[in-house]
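All heavy atoms count here, side chains included; hydrogens, waters and symmetry mates do not. One-based numbering along the sequence shown. All values reported here derive from a predicted model rather than from experimental measurement.
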Amino acid sequence: PVTLTGDFKSAIVIDAETGLVLVAANEAKRRQPASMLKMMTELIVLEHVAEGDLKLEEEVKVSAKASNMGGSQVYLKHGEVFTVEELLHALAIHSANDAAVALAEHLAGSTDAFIDLMNLKAGEMGLDDTEFHTVHGLPPGWRQEPDLTTAKDLAVLGRELVKHPLALEWASTKTAPFRDGKFTLYNPNKLVGKYRGLDGLKTGYTGPAGFCVTASAIQKGKRLISVVLGCSSDKARASVTTRLLTYGFNWYKQIPVIAAAGEALPDPVTVKGGKKKKVPVAYGASLTVSVPKNREGDIVVENEITQPVQAPVILGQEVGQAVVLLDGVELGSVPIVTMEEIAKGNWLNRLLN
């Protein structure tokens with residue numbers, strides 16, 4: 001990847017499908033994430049919804065603690081009742097700290113219990129440089145530890161969040177009504193509607209964190225995720241992000257690795273207990289992968305075949321996978337299939353085999 005300089009402290013762009021890193025600068029430097037941390041709060045709630053453990057229409061009663069949050073908020077009052085979905089709107093669109101606390105308390109019983117879930121999830125996802133101490137990302141108060149993460153870890157988190165269609169729907173909403181239209185939710189992400197294909201994901205700002213954004217955009221059927229941390233202004237955050245994404249989208253080349261289905265492999269596969277000892281095999285489909293320019297020569301195709309195959313063998317039977325790798329990252333795979341059928345052998349064939 002190229003080196004990048006500009007008004008930011010760290011940055012990264014990855015391919016959302018494969019996780020391949022395209023551009024990076026200080027991507028492993030630990031910094032405060034500010035409100036981008038809410039991507040984890042949202043992910044955990046959405047995963048509980050997907051598992052059926054939590055319902056979007058479920059009612060949440062606002063606690064005194066939630067009603068006393070500072071920073072970006074929707075001014076929840078103690079005792080007010082909202083649905084999980086309404087609070088998710090406030091969290092995802094408006095970046096409301098009070099909504100984050102209300103959801104965390106409702107799901108886990110307390111913010112401390114929810115923070116445990118956040119750190120467990122971070123561990124599961126391999127976010128080794130991330131530690132959470134809040135559910136909203138506000139700077140630490142007296143005797144509190146700061147939330148810490150890296151551009152690299154946030155890109156992985158963003159990659160997980162975009163798997164939830166609702167997260168993208170909310171992240172690309174500019175304004176929405178709240179509290180029966182008495183309050184309007186405003187999306188702080190100025191890039192929504194300005195950059196082609198951009199549909200998310202989360203901005204952040206505090207003094208220690210600077211201006212940050214995890215963005216996601218789709219062009220020519222490819223989704224990229226970019227993260228910038230520590231910009232000096234909202235304008236810088238937007239301009240660095242557009243540079244990163246544009247660079248990423250133009251840095252790709254489509255390479256046909258397997259030209260057509262039925263392309264034969266040089267070596268046949270051993271057959272056990274059949275009329276014949278070997279069966280010819282071929283790729284079951286064509287495959288084109290996206291590769292950063294000038295990296296075509298570094299593509300590796302690994303044919304993973306389980307041998308021997310037990311007779312009878314049917315035509316087109318899957319006997320393995322061809323996996324295409326770049327720097328150990330899987331770019332795509334196709335099945336390896338048999339090109340003829342082989343009947344079970346009689347006792348003599350079986351003896352000779």
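Asn97 and Lys38 form a side-chain donor-acceptor contact under 3.5 Å, judged by distance and modelled atom types alone. Side-chain N/O atoms of Asp7 and Ser232 include a donor and acceptor closer than 3.5 Å. Defined by atom type and a distance below 3.5 Å, a donor-acceptor pair is present between the side-chain atoms of Tyr195 and Thr246. Side chain to side chain, Gln254 and Ser290 meet the donor-acceptor criterion of an N or O pair below 3.5 Å. Glu57 and Thr83 share no side-chain donor-acceptor pair at under 3.5 Å. Judged by distance alone, the side chains of Gln307 and Thr270 do bring a donor and an acceptor atom under 3.5 Å apart.
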Open item on the list: salt bridge (Lys or Arg N to Asp or Glu O under 4.0 Å) for Arg295 and Asp327? Distances and angles first, verdict last.
Closed with: CA-CA 10 Å; Arg295 296 292 313 274; Asp327 300 340; 2.7 Å; yes
Task: Intermediate values then yes/no, side chain to side chain donor-acceptor pair (under 3.5 Å), Glu105 and Ser63 - done: CA-CA 8 Å; Glu105 290 180 331; Ser63 71; 2.5 Å; yes
Open item on the list: Working note: Phe249 + Ile218, criterion side-chain contact (heavy atoms from CB on, under 4.5 Å); need CA distance, chi angles, decisive distance, verdict.
Closed with: CA-CA 9 Å; Phe249 284 122; Ile218 200 160; 5.7 Å; no
Task: Worked verdict on Gln317 versus Thr338 for side chain to side chain donor-acceptor pair (under 3.5 Å) - done: CA-CA 5 Å; Gln317 182 174 326; Thr338 55; 5.3 Å; no
- [ ] Tell me, with the steps shown, if Leu46 and Leu161 meet side-chain contact (heavy atoms from CB on, under 4.5 Å).
- [x] CA-CA 9 Å; Leu46 285 173; Leu161 189 57; 4.1 Å; yes
TODO: Output, in order, the C-alpha distance, side-chain angles, deciding distance and verdict of side-chain contact (heavy atoms from CB on, under 4.5 Å) for Val228 and Leu244.
DONE: CA-CA 9 Å; Val228 286; Leu244 283 168; 3.3 Å; yes
- [ ] Give the intermediate values and the outcome of side-chain contact (heavy atoms from CB on, under 4.5 Å) for residues Phe114 and Thr134.
- [x] CA-CA 9 Å; Phe114 192 91; Thr134 72; over 6 Å; no
TODO: Given side chain to side chain donor-acceptor pair (under 3.5 Å), test Glu80 with His78 step by step and report yes or no.
DONE: CA-CA 6 Å; Glu80 262 190 308; His78 185 191; over 6 Å; no
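Taking every heavy atom of both residues into account, Val281 and Asp267 meet most closely at CG2-O, 3.8 Å. Thr173 approaches Asn187 most closely through the heavy-atom pair O-ND2, 3.0 Å. Between Leu37 and Met118, the shortest heavy-atom contact is CD2-CE, 3.8 Å. Between Ile93 and Leu185 the shortest heavy-atom distance is CG2-CB, 4.1 Å. In terms of heavy-atom proximity, Pro188 sits nearest to Arg237 at O-NH2, 4.3 Å. Scanning both residues, Ala236 and Ser233, for their nearest heavy atoms gives N-OG, 3.0 Å.
Residue Lys222 places its NZ atom among more than 12 non-hydrogen atoms of other residues, nucleotides or ligands, all under 6.0 Å distant. Around CG of Asp180, the count of heavy atoms belonging to other residues, nucleotides or ligands within 6.0 Å does not exceed 12. For Lys29, the NZ atom sits in a loose shell: 12 or fewer heavy atoms of surrounding residues, nucleotides or ligands are nearer than 6.0 Å. In this structure, Glu330 places its CD atom where more than 12 heavy-atom neighbours from other residues, nucleotides or ligands lie under 6.0 Å away. Atom NZ of Lys278 has more than 12 neighbouring heavy atoms from other residues, nucleotides or ligands inside a 6.0 Å radius.
In this structure, CG in Leu87 is found 11.0 Å from CD in Glu58, a value given to the nearest 0.5 Å. Glu263 contributes atom CD, which lies 7.0 Å from atom CD1 of Ile258 (distance to the nearest 0.5 angstrom). In this structure, the separation between OG on Ser333 and CG on Leu287 is 7.5 Å, given to the nearest 0.5 Å. To the nearest 0.5 Å, atom CG of residue Leu157 and atom OG1 of residue Thr130 are 8.0 Å apart. Remark: Met39 CE to Ile44 CD1 distance equals 12.5 Å, nearest 0.5 Å.
Side chain of Thr111 to backbone of Val101: no donor-acceptor contact under 3.5 angstrom is found. Using a distance-only test at 3.5 Å, with no hydrogens or angles considered, a donor-acceptor pair links the side chain of Asn119 to the main chain of Ile115. Listed for the Asp298 side chain is no donor-acceptor partner under 3.5 Å among the backbone atoms of Leu326. Arg31 places no side-chain N or O within 3.5 Å of a backbone atom of Ala151 that could act as its donor or acceptor partner. In this structure, Lys293 contributes its side chain and Asn250 its backbone to a donor-acceptor pair below 3.5 Å. Panel note: side chain Asn26, backbone Lys9; a donor-acceptor pair is recorded below 3.5 Å. With His94 contributing its side chain and Tyr186 its backbone, the two residues share a donor-acceptor pair below 3.5 Å. Between the side chain of Asp15 and the backbone N or O of Leu224 there is no donor-acceptor pair closer than 3.5 Å. Not a single donor-acceptor pair under 3.5 Å links the side chain of Asp98 to the backbone N or O of Met69.
Contact check for Lys55 versus Val84: no side-chain heavy atoms found under the 4.5 Å cut-off. In this structure the side chain of Leu88 reaches within 4.5 angstrom of the side chain of Leu56, judged on heavy atoms. Considering only heavy atoms from C-beta on, Phe178 stays 4.5 Å or farther from Thr184 through its side chain. Residues Ile299 and Leu325 fail the side-chain proximity criterion, which asks for heavy atoms closer than 4.5 Å. Contact of the Tyr247 side chain with the Thr242 side chain is not registered, since no non-hydrogen atoms from C-beta on lie closer than 4.5 Å.
For the side-chain contact (heavy atoms from CB on, under 4.5 Å) with Pro33, the lone residue among Thr149, Leu148, Thr150 that qualifies is Thr149. Each of Met36, Arg30, Gln32 was compared with Leu229 under the side-chain contact (heavy atoms from CB on, under 4.5 Å) criterion, and only Met36 meets it.
Both Val192 and Leu245 are assigned to one and the same hydrophobic cluster, defined by single-linkage of ILVMFWY side chains at heavy-atom distances under 4.5 Å. The cluster map of Ile, Leu, Val, Met, Phe, Trp and Tyr, joined by side-chain heavy atoms under 4.5 Å apart, puts Val309 and Met339 in different clusters.
Under a 4.0 Å N-O distance rule, the pair Lys276/Glu340 qualifies as a salt bridge. Here Lys121 does not pair with Glu160 in a salt bridge; the nearest charged N to carboxylate O distance is not below 4.0 Å. A salt bridge between Asp234 and Lys190 is present, with a side-chain N of the basic residue lying under 4.0 Å from a carboxylate O of the acidic one.
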For residues 198-213, which side-chain donor-acceptor pairs fall under 3.5 Å, sequence neighbours excluded?
from   : atom 1 : to     : atom 2 : distance (Å)
Asp199 : OD1    : Arg223 : NH1    : 2.9
Asp199 : OD2    : Arg223 : NH1    : 3.3
Asp199 : OD2    : Arg223 : NH2    : 2.9
Lys202 : NZ     : Ser95  : OG     : 2.9
Thr206 : OG1    : Ala209 : N      : 3.2

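Between Phe183 and Tyr75, the angle of the ring planes goes over 60°, which puts this pair in the perpendicular group of the 30/60° scheme.
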